[in-house]
Colleague: 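Following this message is one structure expressed as structure tokens.
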Amino acid sequence: MSELFIYNTLTGKKEKFEPLHTGKVGMYVCGPTLYSEPHMGNLRTFINFDMIYRYLLFLGFQVKYVRNITDCGHITNSLGQEQDSIGKAAKLEQMESLEIVYKYNSKFQDIQKAYNLLRPNIEPTATAHIQEQIQIIEKIMANGYAYESNGAVYFDLEKYSKSNAYGVISGRKIEELLSESRELQGQDEKRNSVDFALWKKANPEDMQIWRSPWGEGNPGWHIECTAMSTKYLGEQFDIHGGGMDLKFPHHEDEVAQSCGAGMKNPAKYWMHANMLNVNGQKMSKSFGNFFLPFEILEGTTSIFTKPFSAPVVRFFMMMGHYRSDLDFSNDALLSAEKGYERLTEAFGKVSKLSASDSSNSKEAIAQVESNNAAAMNDDFNTSKLIAELFELATIINKIDSKDLIADQNDLKKINEIIQGYFVQVLGINFESNHSNQSQAMEHLMNLVIEIRKDSREKKDFATSDKIRDYLNQAGIELRDGNEGTSWKI
RNA sequence: GGUCGGGUGGCCGAGCGGCUAGGCAGAGGUCUGCAAAACCUCGUACAGCGGUUCGAAUCCGCUCUCGACCUCCA
């Protein structure tokens, strides 16, 4: 069995995965800010990390998976202006902040369920960890890397960068950032505009306010991740993940905060999932080119001609690699859907296959299995994994048509591969075609197929074709195979 | 403007120094009463121009082009 290699943003290389503690993995992923319903682009990141989580479990690791929920949105932009996105949404919808968060959190949970995401072990919220955040800020201040200014606390990046490396994750150079910022330096309370807020002074219109040693206010947006990842995973853990767009400044600042507080770079492996594109452009709230996870399922977005099921969408996403960008389009989804159907149809008939006493398919099956492992161990190459699963589908179809023969063990092995890699790792819960049909329907179809068989044997093709055409119109397809006729809706 | 990452056959999408990616669409074939499905075969693609090399889609340089980050963002 080959070993797992992970692309580490920190080093820009694929590295052999060696967890800090044998057999155990600590993973922290930056979750959503709940000021609106997460869109498809947000979901892609979560689905990718869900796949990563699933594969780690599949390998037998004991994984502690933490993904935060940002439920207070006090954020500053470069000009030092505050943007309380949750408060803003609350006013817009005439609701309390808590109501907004509650509303979108339950929506987010529904989405995760619909798209078959495994729940993280812990989904901590920022507002429940104000004390922890304050404590870390105090540590940073004690170490001299933060200063108070007019009721707010800022991280002193210039000072910090003199004795610490800043910008490793995003490849940013501190000198450039500082020189840019000097030109922009303005009226605000920061010494340097690259300095970021650890604690913000409250505004009268703020909906969420907490007490702190520096007066009433609310936390900056990077500190919650530092506080919560430290609390639940320790000062250093294995994997820290998030979308690419969080590399700078969010992840850089997390590292700075941890080191500034006397801890280490929190993660051994930093992983970044790429963006979801629409017409070559990143899906984003501000571009307005986004659509929602439920809209695809319902077929209510303008770029799609029809609805697509959650497993199909998930399958489509898995066809691309997590570090590549992925373009969503009608054609791409349509072709993914066709492929998905071919695959799941083949997988669905495994249980009906009859085993032979001998076998000539062992080698092919073993090849698929070892290629599967190799693909996933190579930085989670789901794209290659799916190519292998199509090979498996061909093998199954050949067994079905007696071009290959398989014994009981082969069929068992095939089933294990499907359950392991397709269902468990890729997280695609396919319904075998007839599983949701009623017994009555099954009997009825058997009867119809029997009648048609009789007429075909009497060369009464007019009748047999009539039956087939009728069923076709009703959306039921008949397929005449060596073993008799099967049907599909 | 700065930094970084892309440009692969009709479309989507892996690979990243020599060995078939795969899917969808298309062509031909096998099976079949016909059809569908399935199976087999096929197209000979790597933005352009140079260079390195026995050998490059894969490495280097230049050009064109798209995008991301530099402001909130998964």
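Just so we're on the same page: letters track the sequence lines, and every chain starts at 1.
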Colleague: Are Phe108(A) and Pro38(A) side-chain neighbours, meaning at least one heavy-atom pair lies under 4.5 Å?
Modeller: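 Result yes, sub-4.5 Å side-chain heavy-atom pair found.
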
Colleague: Using whole Å, report how far CG of Asn279(A) lies from C1' of A68(B).
Modeller: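 Distance check: Asn279(A) CG to A68(B) C1' gives 16 Å.
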
Colleague: More than 12 heavy atoms of other residues, nucleotides or ligands under 6.0 Å from NZ of Lys362(A): is that the case?
Modeller: yes

Colleague: Gly280(A) near the nucleic acid: base, sugar-phosphate alone, or nothing, with a heavy-atom cut-off under 4.0 Å?
Modeller: sugar-phosphate

Colleague: Between C40(B) and Lys398(A), is there an OP1 or OP2 to side-chain N/O distance shorter than 4.0 Å?
Modeller: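 So the side-chain polar atoms of Lys398(A) do come within 4.0 Å of the phosphate oxygens OP1 or OP2 of C40(B), strictly under.
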
Colleague: Hunt down the Watson-Crick or G-U wobble partner of G1(B), both distances under 3.5 Å, from any strand shown, or write none.
Modeller: C70(B)

Colleague: Grab the CE-C1' distance between Met244(A) and A74(B) for me, whole Å please.
Modeller: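 Rounded to the whole Å, the gap is 11 Å.
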
Colleague: Could you tell me whether the side chain of Thr382(A) reaches within less than 4.5 Å of the side chain of Val425(A), counting heavy atoms only?
Modeller: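 Sidechains of Thr382(A) and Val425(A): no contact.
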
Colleague: Start at the 5' end of RNA chain B and walk down; is the nucleotide closest to Asp331(A) or to Phe248(A) reached first?
Modeller: Asp331(A)

Colleague: Is Arg67(A) positioned over the aromatic face of Phe49(A), cation under 6.0 angstrom from the ring centre and no more than 45 degrees off axis?
Modeller: no

Colleague: Using a heavy-atom cut-off of under 4.0 Å over every strand shown, decide if Asp465(A) touches base, sugar-phosphate, or nothing.
Modeller: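 Base contact.
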
Colleague: Could you say whether the aromatic ring of Phe390(A) and the base of G23(B) stack, counting only centre distances under 5.5 Å and plane angles under 30°?
Modeller: no

Colleague: Between Ala336(A) and Lys14(A), who's closer to the 5' end of RNA chain B by nearest nucleotide?
Modeller: Lys14(A)

